[in-house]
Amino acid sequence: MPRKPFVPGAALVVAAALTAGLAACTGGSGSDGDEGDAKSGGTSTSSQAAEPGRYQTLPEACGLPGRATVRGMLPGDGQHLSSTEAKKIYGGQPDLTYDTDRRVGCHWTRESTAGTRHLSLDIQRVVSYDAAVSDDDKAQGIYDSKEQDAQIPPGGGSSSPAAPSPSATPERGKGAETGGAGKSTGTTTNSSTEEKDEKGATGAQGKAPSGSPSAASGPSADVSAEPSADVSDSTAPRVLEGLGDAAFLNDKLVTADSGVHRDVTVVFRTSNVIVTLTYDQWSTDKTMLPDSQELQDKARSMAGELSESLSE
């Protein structure tokens, strides 16, 4: 009688273990495939990170504007300057910064019989540390904050008329502004309010006091260069077109115990760099108001030159 095949118990155990192992390997392969897709997706996401800004470094601030431009912004009544004096005045004084790849600045000063003029330049390179936010977007956010703080009307100057005052002295505002180095606390009036006040005082055909902004931009002034321009708002704080990626101009007249000064500021952004140009004129004679149109024209001209230099 033939003997029945005999399978040891150990063999059964091994067979069961092999079966379970194969099942586990099959399940593991599916899991590994899922993890591979997730990593691939992660890699794709990181590859779409926001691009860095155009500028990775900054130029030397004092050497960025042309010497002729600086000389034109710092008139000196025709007095002769020695080479040493000219170098000191027009060469500028660099601002102290701790990382010249992130921020640089320079300032210039010159005194004359018409008043002291100050010119300052601040250049900031913005870097975003958020992979989802580009350097340009980060810079735009900082620029927007500056524009909002300056209370620049959207799309141009203020259109709300100001009540005329009985004199050509600028209307005293409710807020006071403290100037920079050497500037005392005084009353601030923006350009459009001041010009409208002067028109109310002098009349449509009257003449403004010598040295006041309305002498150059009032109704009786020669505006043949821009016959269609609205004189009352032509020098008001406003957004500027055609300068960098975004730009605005602010104009404030500040009266203080020591005199009066007009501060013109132009701020513009180009890619991830924000440039702030401040140009002001001081006068100890409060009846001789610094000319808004002249200061604005020179500030805008320099800002355009700086924008072109940065784009090279």
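The first residue of the sequence shown is numbered 1, and numbering continues consecutively from there. Side chains are part of it too, since the values below use all heavy atoms of this structure and drop only hydrogens, waters and symmetry mates.
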Cation over ring face, Arg67 and Tyr90, 6.0 Å, 45°: no

Backbone N/O of Ala303 and side chain of Ser307: donor-acceptor pair under 3.5 Å: no

Ionic contact status for Arg269 with Asp245, cut-off 4.0 Å: yes

Under-4.0 Å salt bridge between Arg103 and Asp122: yes

Smallest separation among heavy atoms of Trp282 and Ser258, with atom names: CZ3-OG, 3.4 Å

Steps toward side chain to side chain contact (heavy atoms under 4.5 Å, CB included) verdict (Arg125, Asp101): CA-CA 7 Å; Arg125 183 174 70 91; Asp101 282 337; 4.1 Å; yes

Euclidean distance, Ile152 CD1 relative to Asn250 CG, rounded to 0.5 Å: 4.0 Å

Those residues that, when tested against Arg117, pass side chain to side chain donor-acceptor pair (under 3.5 Å) (two or more places apart): Tyr279, Gln281, Glu294

Smallest separation among heavy atoms of Pro59 and Val104, with atom names: O-CG2, 3.5 Å

Polar side-chain atom of Arg54 near backbone of Ser271 as donor-acceptor pair, under 3.5 Å: no

Whether Lys298 side chain and Thr69 backbone form a donor-acceptor pair below 3.5 Å: no

Among Leu243, Thr235, Val267, Leu240, side-chain contact (heavy atoms from CB on, under 4.5 Å) partner for Leu249: Leu240

Test item: Asn272 side-chain N/O and Asp135 main-chain N/O as donor-acceptor pair under 3.5 Å: no

Phe248 and Tyr143 aromatic ring geometry - parallel, tilted or perpendicular at 30°/60° bounds: tilted

Hphob cluster co-occupancy, Val266 + Leu306, side-chain heavy atoms under 4.5 angstrom: yes

Residue Glu111 excluded, over 12 heavy atoms near CD under 6.0 Å: no

Rounded distance [0.5 Å steps], CD1 in Ile89 versus OG1 in Thr84: 11.0 Å

Listed once per pair and sorted, the disulfide (SG to SG under 2.5 Å) pairs that draw on residues 85-128, sequence neighbours left out: Cys62-Cys106

Non-neighbouring partners of Gln93 that pass side chain to side chain donor-acceptor pair (under 3.5 Å), sequence neighbours left out: none

Distance-only side-chain donor-acceptor flag, Asp136 / Gln140, under 3.5 Å: no

Contact check, side chains of Pro290 and Leu253, non-hydrogen atoms, under 4.5 Å: yes

Single-linkage hydrophobic cluster, 4.5 Å side-chain cutoff, Leu74 and Leu81 together: yes

Side chain Thr270, main chain Val273, donor-acceptor under 3.5 Å: no

Straight-line distance of Met73 CE to Arg110 CZ, nearest 0.5 Å: 14.0 Å

Pair Thr265-Lys146, side chain to side chain contact (heavy atoms under 4.5 Å, CB included): steps then yes or no: CA-CA 11 Å; Thr265 304; Lys146 290 178 178 289; over 6 Å; no

Met302 and Leu119: CA distance, side-chain angles, deciding distance, side chain to side chain contact (heavy atoms under 4.5 Å, CB included) verdict: CA-CA 11 Å; Met302 174 177 268; Leu119 172 65; 3.8 Å; yes

Distance-only polar pair, side chains of Ser292 and Asp251, donor-acceptor under 3.5 Å: yes

Asp285 versus Ser283, side-chain donor and acceptor atoms under 3.5 Å: no

hydrophobic_cluster_shared for Val239 and Leu277, side chain cutoff 4.5 Å: no

ILVMFWY network linking Ile274 to Val127, side-chain heavy atoms under 4.5 angstrom: no

From CA spacing to verdict: side chain to side chain contact (heavy atoms under 4.5 Å, CB included), Ile123, Leu64: CA-CA 11 Å; Ile123 307 175; Leu64 189 60; 3.7 Å; yes

Pair Gln293-Asp297, side-chain donor/acceptor within less than 3.5 Å: yes

Cluster check Val126, Phe268: I/L/V/M/F/W/Y, side chain < 4.5 angstrom: no

